[in-house]
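Quick note on labels: first sequence line is chain A, next is B, and so on, each numbered from 1.
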Number of protein chains: 2
Amino acid sequence: MKITDRKAEIVAVSARLFKEKGYSAVTMRDIAQAMDIKAASLYNHIQSKQEILVLIIIEIAEEFTSVMNEIVNSNLSTLEKIEKVIQLHIKITLRNSDALACLNNDWMHLTDDQLSYFIKMREDYEQNFRKIIQEGIQNGQLKKSNQEVMVYAILSSLRTMYLWHSKSKGLDEKTLLKSFTSLYFKGLEN
Amino acid sequence: MKITDRKAEIVAVSARLFKEKGYSAVTMRDIAQAMDIKAASLYNHIQSKQEILVLIIIEIAEEFTSVMNEIVNSNLSTLEKIEKVIQLHIKITLRNSDALACLNNDWMHLTDDQLSYFIKMREDYEQNFRKIIQEGIQNGQLKKSNQEVMVYAILSSLRTMYLWHSKSKGLDEKTLLKSFTSLYFKGLEN
DNA sequence: TACAAAAACTAACAATTGTTAGTTTAATAG
DNA sequence: CTATTAAACTAACAATTGTTAGTTTTTGTA
């Protein structure tokens with residue numbers, strides 16, 4: 001199946017371009033040029049510009065949703081659950097940071113069903129993470145501080161890891177996990 | 001001066017629209033419609049779409065730069081300096097979250113001098129924050145963990161506060177500051 | 001080698017883009 | 001009241017947009 005390969009290539013190239021300038025600022029001619037073909041040729045493989053966006057975002061959103069569900073329904077401790085969430089973000093960031101950038105910045109350009117599907121997944125994801133934090137506060141494993149700040153401060157720094165993780169060397173999965181858990185569990189203070 | 005008022009209004013309305021869909025996806029006709037005038041009328045007040053973007057981003061970037069410089073050059077303790085940085089982000093987020101969203105997502109659509117000027121400010125800002133963290137590690141006030149993760153995890157969660165701060169009630173300046181400092185200084189763990 | 005399918009091409013479209021020119025209305029100061 | 005200026009308007013432009021139709025080239029297989 002060559003089609004699938006070429007299609008996947010278009011999606012990957014598009015994700016890289018979308019990361020740089022955003023979905024709206026990237027034209028079909030930009031994507032074509034990056035693949036050394038003409039814009040019209042893209043339509044042998046994809047249906048529309050929209051379809052590219054959907055392919056980039058939805059797959060990765062579903063992965064987040066699915067793994068988060070596993071974590072929440074596991075019988076790990078609160079700290080272990082949080083560690084698993086951190087690990088999930090690190091893994092996907094290292095594997096596909098272009099798609100992640102696109103998910104973060106261009107999800108609002110999804111339309112109709114795909115848009116509401118995405119928003120639903122996103123809300124569920126946040127709600128699940130909130131549940132983990134909430135449980136931890138209740139069972140005394142976590143400090144009694146503002147729950148929403150905990151939820152969003154952590155989530156948003158995990159979500160934007162793609163912006164900086166490649167800037168400095170030696171930030172492999174293990175190092176990132178250790179540093180993140182240290183920061184979020186123990187804090188900065190010595 | 002009526003011009004200045006009207007111009008400021010255009011900039012404010014634009015920032016709000018840019019926050020929703022991004023600079024590239026918002027047309028001059030969108031902006032005009034939001035102000036109940038025709039697109040051509042905007043040009044009585046502004047020179048170009050680009051100028052709007054510049055006005056939104058540069059002013060706020062300069063404020064960050066300026067206050068960060070004050071903080072770095074002060075003789076506060078490391079923890080106090082970090083607290084001041086957190087406070088800076090909270091204040092600007094509460095005052096002008098639209099512009100902040102624009103700065104975060106659309107800075108790459110600046111051109112030429114303005115673009116390099118912005119990038120320079122951004123790099124300096126990060127470098128200054130890195131310096132604070134570095135000092136803290138050296139003088140023993142901060143834990144010896146990965147410096148870059150500390151820098152970017154904190155900065156990126158502060159930078160994206162505009163995405164969620166208005167979602168839940170009671171998150172005023174004081175509450176945010178207390179919660180952020182608690183999280184980043186002491187961590188989650190009880 | 002021949003042939004079918006895949007994947008590229010050229011040319012063009014209708015719609016939308018930022019912007020300009022020229023004109024009319026509204027507001028303000030003498 | 002009048003003159004000036006600010007700020008709106010209509011109409012249009014040239015360029016760019018995503019996309020389609022029809023055609024040619026490339027590729028893989030029998």
Side-chain angles (χ1 to χ4, degrees), chain A residues 1-58 102 105-115, chain B residues 1-58 102 105-115:
Chain A
M1 292 236 200
K2 269 279 176 68
I3 296 180
T4 313
D5 284 343
R6 200 77 173 128
K7 188 165 180 174
E9 199 182 343
I10 291 174
V11 171
V13 165
S14 300
R16 179 165 52 78
L17 296 181
F18 293 166
K19 181 185 188 177
E20 302 298 327
K21 313 199 302 176
Y23 174 76
S24 300
V26 175
T27 70
M28 295 304 282
R29 286 164 181 82
D30 289 335
I31 298 171
Q33 192 172 35
M35 299 198 63
D36 262 314
I37 59 176
K38 301 288 174 180
S41 306
L42 293 168
Y43 290 85
N44 284 316
H45 309 280
I46 50 126
Q47 290 192 349
S48 64
K49 191 186 178 189
Q50 268 288 317
E51 193 201 356
I52 300 177
L53 186 68
V54 170
L55 289 174
I56 294 172
I57 293 181
I58 296 296
C102 191
N105 300 318
D106 292 319
W107 62 266
M108 73 285 284
H109 299 116
L110 294 171
T111 53
D112 309 323
D113 290 351
Q114 313 284 358
L115 178 59
Chain B
M1 292 239 199
K2 269 277 176 68
I3 295 179
T4 312
D5 286 344
R6 201 74 172 131
K7 187 166 180 173
E9 198 182 343
I10 292 175
V11 171
V13 165
S14 300
R16 180 165 51 79
L17 295 181
F18 293 166
K19 181 185 187 178
E20 302 298 327
K21 313 199 301 175
Y23 174 76
S24 300
V26 174
T27 70
M28 294 304 282
R29 286 164 181 82
D30 290 336
I31 298 171
Q33 192 172 33
M35 298 198 63
D36 262 315
I37 59 176
K38 301 289 175 181
S41 307
L42 293 168
Y43 290 85
N44 284 317
H45 308 281
I46 51 128
Q47 289 192 349
S48 64
K49 191 185 179 190
Q50 269 287 316
E51 192 201 357
I52 301 177
L53 186 68
V54 171
L55 289 174
I56 294 171
I57 293 181
I58 296 296
C102 192
N105 300 318
D106 292 319
W107 62 268
M108 73 285 285
H109 299 116
L110 294 171
T111 52
D112 309 325
D113 290 349
Q114 312 283 358
L115 178 59

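- Partners of A:S41 under the side chain to side chain donor-acceptor pair (under 3.5 Å) rule, at least two apart in sequence or in another chain, do not exist in this structure.
- Pairs of residues two or more places apart, or lying in two chains, that qualify as salt bridge (Lys or Arg N to Asp or Glu O under 4.0 Å) and include a residue from residues 30-44 of chain B are B:K21-B:D30.
- Two residues are said to be in side-chain contact when any heavy atoms from C-beta on lie closer than 4.5 Å; A:I31 and A:I52 meet this criterion.
- Distance A:M35 CE to C:dA7 C1': 11 Å, rounded to the nearest Å.
- Remark: A:E51 pairs with A:K7 by the side chain to side chain donor-acceptor pair (under 3.5 Å) rule, at least two apart or across chains.
- Rounded to whole Å, the distance from CD1 on A:I31 to P on C:dA8 is 14 Å.
- In this structure, CZ on A:R29 lies 13.0 Å from CD1 on A:I37, to the nearest 0.5 angstrom.
- Rounded to an integer number of Å, the gap from CD of B:E9 to C1' of D:dA8 is 14 Å.
- Note: CZ (B:R6) to C1' (D:dC9) measures 14 Å, nearest angstrom.
- Expressed to the nearest 0.5 Å, how far CD of B:E20 lies from SG of B:C102 amounts to 12.0 Å.
- To the nearest angstrom, P of C:dA8 lies 12 Å from CG of A:D5.
- Axis angle, first five pairs versus last five pairs of the helix from C:dT1-D:dA30 to C:dG30-D:dC1: 20°, rounded to 10°.
- Panel note: side chain A:Q33, backbone A:A39; no donor-acceptor pair is recorded below 3.5 Å.
- Listed by chain and number, the residues in a ring pair (Phe, Tyr, Trp, His ring centres under 6.0 Å) with A:F18 are A:Y23 (sequence neighbours excluded).
- In this entry the distance linking CD of B:Q33 with P of D:dC9 reads 12 Å, nearest Å.
- Listed pair B:H45 / D:dA8 meets the phosphate criterion, a side-chain N or O lying under 4.0 Å from OP1 or OP2.
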Can you pull every protein N or O that's under 3.5 Å from an N or O on nucleotides 18-20 of chain D?
unit_1 : atom_1 : unit_2 : atom_2 : d
D:dG18 : OP1    : A:V26  : O      : 3.4
D:dG18 : OP1    : A:K49  : NZ     : 3.0
D:dG18 : OP2    : A:M28  : N      : 2.9
D:dG18 : N7     : A:R29  : NH1    : 2.9
D:dG18 : O6     : A:R29  : NH2    : 3.1
D:dT19 : OP2    : A:Y43  : OH     : 2.6
D:dT19 : OP2    : A:K49  : N      : 2.8
D:dT19 : O5'    : A:Y43  : OH     : 3.2

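- Looking only at side-chain heavy atoms (C-beta outward), B:W107 and B:L53 stay at 4.5 Å or farther from each other.
- Straight-line distance from the CD1 atom of A:I37 to the C1' atom of D:dT24: 16 Å, rounded to whole Å.
- One interatomic measurement links the two molecules: CG of B:L42 to P of D:dA6, which rounds to 18 Å at whole-angstrom precision.
- Dashed line: the shortest gap from a side-chain N or O of A:S41 to OP1 or OP2 of C:dC9 is under 4.0 Å.
- The base of D:dA6 has none of its N or O atoms less than 3.5 Å from a complementary donor or acceptor on the side chain of B:N44.
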